[in-house]
Amino acid sequence: MDYNNLKVPAHVGIILDGNGRWAKEKGMNRTEGHKEGAKNLKILGKYILSKGVKVVSIYAFSSENFKRSKEEVTFLMNLFTAKFSEELNSFHDDNIKVVFSGRREKLSKKLLYVMDKLTEKTNHNTGGILNICLNYSARNEIIDMVKKINNDNIDNSMIDEKLISKYMYNELPDIDFLIRTSNEYRLSNFMLWQLSYAELYFCKTYFPDFNTDEFDNAILEYTKRDRRFGKIDYSK
Ligand code: IPE
Ligand code: IPE
Ligand code: MG
């Protein structure tokens, strides 16, 4: 699709959901859905950044997801570890900067090692930012932000929106457009601060089937949205 006549959001958020149901409906194990979701994410993430979007934030694993079975959590952690090491060069070759948001606690040494490698290696890349939210909770991010501000002895007079954004896990612009797949209509503790004025888009497709055509459709919808930010255009 030609994006020249479309409005391109600077920051896209994706709550990738429905991997398990995708697999279940095909008579497969939930883990097959996660594998397929990971494959799709690689293609989709690169496509989105190639279309002029500056930042893509992906909800890959919530802090609440640790409540799932040990088998599923272990499978996902191993999948992340394998994918991040496999893709180390490909993200770098595509000039994509990878960052992570979330708490490091509960993540294995091996996973943290590949995450750090990916961040270090791609740190100076300029072709867009892929923010992977892993062991992420928006409320924890706010708690951690308050603690950091407190530790730095910041005076109250200095605290404004800009400073708070600086103290989040990564300093990123607000999310313009949020996509959630799989027919669920909630935020599930995702980037509450950054989403405050985002346009929301919910679709029925399960994430493994949310391909580049589906993303194009979402952007067509975004292009039609009238973002007012509280203002009124009296000339209309
Ligand atoms: C999203 O798919 C991936 C993660 C939350 C890790 P789900 O695993 O939530 O799939 P459903 O919602 O159960 O179908
Ligand atoms: C949200 O999906 C978390 C991620 C996409 C990683 P869930 O499937 O865990 O959310 P709930 O439980 O349906 O709210
Ligand atoms: Mg789900």
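For ligands, and for the atoms within them, numbers begin at 1 and follow the listed sequence. All of these numbers come straight from a predicted model, not from anything done at the bench. Computation of the quantities below employed the complete heavy-atom set of this structure, encompassing side-chain atoms and omitting hydrogens, waters and symmetry-equivalent molecules.
Between the side chain of Asn40 and the backbone N or O of Gly37 there is no donor-acceptor pair closer than 3.5 Å. Arg139 places no side-chain N or O within 3.5 Å of a backbone atom of Asn189 that could act as its donor or acceptor partner. With hydrogens and angles disregarded, a donor-acceptor distance shorter than 3.5 Å links the side chain of Asp2 to the backbone of Asn4.
Backbone and side-chain nitrogen or oxygen atoms of Arg68 are examined, and one is located within less than 3.5 angstrom of a nitrogen or oxygen of ligand 2. Ligand 1 has an N or O atom lying under 3.5 Å from an N or O atom of Asp17, backbone or side chain. At under 3.5 Å, not a single nitrogen or oxygen of Ser182, backbone or side chain, sits near a nitrogen or oxygen of ligand 1. Below 3.5 Å of separation, one finds an N or O of Ser188 facing an N or O of ligand 2.
If you check which protein heavy atom lies closest to atom 2 (O) of ligand 1, you get Asn19 N, 3.2 Å. Atom 6 (C) of ligand 1 has its closest protein heavy atom at Ala60 O, 3.4 Å. In this structure, atom 9 (O) of ligand 2 lies nearest to the protein heavy atom Asn65 ND2, 2.8 Å. The shortest contact between atom 13 (O) of ligand 2 and any protein heavy atom is with Arg186 NH2, 2.7 Å. The protein heavy-atom contact nearest to atom 10 (O) of ligand 1 is Gly20 N, 2.9 Å.
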Could you walk me through whether Lys7 and Asp176 pass the salt bridge (charged side-chain N to carboxylate O under 4.0 Å, His left out) test, one step at a time? CA-CA 11 Å; Lys7 263 202 282 183; Asp176 301 295; over 6 Å; no

Residue pair Asp94, Lys42: steps toward the salt bridge (charged side-chain N to carboxylate O under 4.0 Å, His left out) verdict: CA-CA 11 Å; Asp94 287 345; Lys42 179 187 163 187; over 6 Å; no

Pair Glu184-Arg21, salt bridge (charged side-chain N to carboxylate O under 4.0 Å, His left out): steps then yes or no: CA-CA 12 Å; Glu184 304 291 352; Arg21 278 164 286 161; 3.1 Å; yes

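Close contacts between ligand 2 and Ile15 involve ligand atoms 5 (C) [criterion: under 4.0 Å to a heavy atom]. Residue His34 has at least one heavy-atom neighbour below 4.0 Å for each of these atoms of ligand 1: 3 (C), 8 (O). Each of the following atoms of ligand 1 lies closer than 4.0 Å to a heavy atom of Gly18: 2 (O), 10 (O), 11 (P), 12 (O), 14 (O).
When the heavy atoms of Asn135, Ile14, Leu16 are ranked by distance to atom 5 (C) of ligand 2, first place goes to Leu16.
Here Phe61 has backbone heavy atoms under 4.0 Å from ligand 2, and that is the only part of it that gets that close.
Put simply, CZ on Phe100 and CD1 on Ile132 are 4.0 Å apart, with the number rounded to the nearest 0.5 Å. In this structure, the separation between CG on Asn140 and CG on Asn135 is 8.0 Å, given to the nearest 0.5 Å.
The shortest separation from a heavy atom of Arg21 to ligand 2 is not under 4.0 Å, leaving the residue out of contact. Within the 4.0 Å heavy-atom shell around ligand 1 one finds Arg30. At a 4.0 Å cut-off, at least one heavy atom of Arg180 sits close enough to ligand 2 to count as contact. Residue contacts with ligand 2 do not include Glu184, since none of its heavy atoms lies under 4.0 Å from the ligand.
Using bins of under 30°, 30° to 60° and over 60° for the plane-to-plane angle, the ring pair Tyr222/Phe177 lands in the tilted bin. The aromatic rings of Tyr197 and Phe229 sit tilted, their planes meeting at an angle between 30° and 60°. Taking the six-membered ring where tryptophan is involved, the planes of Tyr47 and Tyr3 are perpendicular, since the angle between them exceeds 60° and thus also 30°.
Each of Leu76 and Tyr136 belongs to its own hydrophobic cluster when Ile, Leu, Val, Met, Phe, Trp and Tyr are linked at side-chain heavy-atom distances under 4.5 angstrom.
Nearby protein atoms of type N, O or S around the Mg ion (ligand 3) amount to 1 (distance under 2.8 Å).
Between Pro9 and Ile175, the closest side-chain pair of non-hydrogen atoms is not below 4.5 Å.
Note on residues 66-78: pairs passing salt bridge (charged side-chain N to carboxylate O under 4.0 Å, His left out), not counting sequence neighbours, are Arg30-Glu72, Arg68-Glu72.
When only modelled atom types and interatomic distance are considered, His92 and Asn125 share a side-chain donor-acceptor pair under 3.5 Å.
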